Amino acid sequence: MTTYVWDYLREYAEEREELLDAVDTVFQSGQLVLGQSVSGFEQEFAAYHGQPHCVGVDNGTNAIVLGLQALGVKPGDDVLTVSNTAAPTVLAIDAVGARPVFVDVREEDYLMRTDLLAGALTERTTAIVPVHLYGQCVDMAAVTAFAERHGLKVLEDCAQAHGARQHGRLAGTMGDAAAFSFYPTKVLGAYGDGGAVVTHDAGTDAELRRLRYYGMEDRYYVVQTPGHNSRLDEVQAEILRRKLRRLDTYVEGRRRVARRYAEGLGDTGLVLPANAVGNDHVHYVHVVRHPERDRIIERLKAYDIELNISYPWPVHTMSGFAHLGYHEGDLPVTERLAKEIFSLPMYPSLPQHVQEKVIEALREVIAGL
């Protein structure tokens, strides 16, 4: 049997009864859109983060889109972020008519180099989207201090960092608002698409609710500017309510897998994930590095192991973003990483024998290079 980076079926077998009960709860409720399951999840997810407000939306990309709009980002603005991320981060900035402006990342942990923010600042900059990549947080003290000095809004991209902490503070509680994805692979994943925005500000919350519902405050009447049809599905919300109770358990399961990789691969020459100072990593994606990445991945196929690269193309090098005017060489660390990184299987229900198979195969392949 082929080993892949992620598989939900073992988790589903363990949680099937409760998950099916969640579906039945919604169908029995008589409310299929913006009902008690969505409002209940919003309250519980906000409470988990110690925040007063959470707005459920249809996916993580739109969580960023609506989050930016609710914070006042408009067409023609510049938004500082990174190119070492999943394309949806940048697609969302582009979707609101703003221009993504990229800063490079740190060699040791692949996170935003906050010391480069000043050099990327323009007179049109209105916001920063720090990406808490692979399961740990950007240096948020530096980000928020910079934002305060220059009057910028901060929208945390927490799609990969549910439950991560920095100096004790949860990801998603350190900026003006935070966007989450509940795509099935996430640390807190639905059984389909879903997203949310968390904020401490009542005005931002009200604007998010208007934007996700066509721009309406009263039924059938659009006020100010048109919005979106971007509502979290009731079934997914009820599933997420059940899974939220297990979030800390999921995180510990991922850390257990990460510790075993460190034990089994620490002497192989692979560059293993590094925790930034003050960070509690949740290991959404277990990204390692090796200069012979492509040969390793190809040789692992003989062991029936298919691995992923997160991410093989920096966003600024994609033809779809050529209009931004970036060229190869503009972000040297980001570009070098993209040639060396790859992801090992990582999810809480990863069977131990499967992980051992991956470790043994990697040791053999690397030794034979």
Side-chain angles (χ1 to χ4, degrees), residues 5-6 8 11 38 41-42 44-46 48-49 51 53-71 79 81-82 84-96 100 111 129-138 154-164 170-175 177-199 208 211-212 228-244 246-247 250-251 254 281-287 308 310-311 315 343 346-348:
V5 171
W6 178 78
Y8 73 92
E11 175 190 277
V38 167
F41 174 71
E42 290 174 339
E44 291 157 14
F45 197 63
Y48 178 88
H49 290 88
Q51 297 286 76
H53 307 291
C54 171
V55 179
V57 298
D58 54 343
N59 57 65
T61 306
N62 281 338
I64 301 175
V65 171
L66 273 65
L68 289 171
Q69 291 181 318
L71 293 175
V79 176
T81 192
V82 293
N84 179 32
T85 182
T89 303
V90 183
L91 288 166
I93 296 169
D94 190 69
V96 303
L111 299 169
V129 177
V131 179
H132 299 324
L133 194 70
Y134 302 148
Q136 65 173 329
C137 298
V138 173
V154 176
L155 177 68
E156 297 175 66
D157 182 346
C158 298
Q160 304 186 10
H162 312 70
L170 277 166
T173 66
M174 295 176 276
F180 290 84
S181 168
F182 305 120
Y183 186 75
T185 63
K186 303 301 184 184
V187 180
L188 178 62
Y191 276 69
D193 266 319
V197 184
V198 170
T199 182
L208 285 163
L211 288 169
R212 77 163 175 194
H228 310 263
N229 178 4
S230 186
R231 301 169 296 220
L232 178 61
D233 180 76
E234 276 287 291
V235 171
Q236 300 302 339
E238 189 62 33
I239 289 172
L240 287 166
R241 294 182 76 182
R242 313 301 178 93
K243 295 189 71 178
L244 179 58
R246 293 188 171 93
L247 176 54
Y250 295 149
V251 169
R254 289 173 177 273
H281 206 310
V282 296
H283 299 280
Y284 164 59
V285 184
H286 199 79
V287 172
N308 189 41
S310 304
Y311 302 93
V315 177
S343 306
M346 169 57 74
Y347 48 97

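Along the sequence shown, the residues carry numbers beginning at 1. Predicted model only: the values in this text are computed from it and were never measured.
Within the 3.5 Å criterion, the main-chain N or O of A190 finds no donor-acceptor partner in the side chain of K243. Not one N or O on the side chain of N308 forms a donor-acceptor pair closer than 3.5 Å with the backbone of S310. Of the possible polar contacts, one joining the H132 side chain to the V138 backbone as a donor-acceptor pair under 3.5 Å is found. T85 places no side-chain N or O within 3.5 Å of a backbone atom of V82 that could act as its donor or acceptor partner. Looking at T81, its side chain does come within 3.5 Å of a backbone N or O of V129 through a donor-acceptor pair.
When every heavy atom of T173 is checked against every heavy atom of E156, the shortest pair comes out as N-OE2, 3.4 Å. A pairwise comparison of heavy atoms in H49 and A171 identifies CD2-O, 3.5 Å as the closest pair. The nearest pair of heavy atoms linking A178 to G172 is CB-CA, 3.3 Å. In this structure, L133 and N84 approach most closely via the heavy-atom pair CD2-ND2, 3.2 Å. The heavy-atom pair separating W6 from M346 by the smallest distance is CD1-O, 4.4 Å. The two residues V38 and L232 make their nearest non-hydrogen contact at CG2-O, 3.3 Å.
Under the rule for a side chain to side chain contact (heavy atoms under 4.5 Å, CB included), the partners of R246 that lie at least two apart in sequence or sit in another chain are E15, E18, Y250. Scanning for side-chain hydrogen bond (donor to acceptor under 3.5 Å, both in side chains) contacts around H228 gives Q69, with sequence neighbours left out.
Using cut-offs of 30° and 60° for the angle between ring planes, the F182 and F41 rings count as perpendicular.
Between atom CG of residue L66 and atom CG of residue L211 there is a gap of 5.0 Å, rounded to the nearest 0.5 Å.
T185 and Y284 share a donor-acceptor pair across their side chains, judged by distance under 3.5 Å alone.
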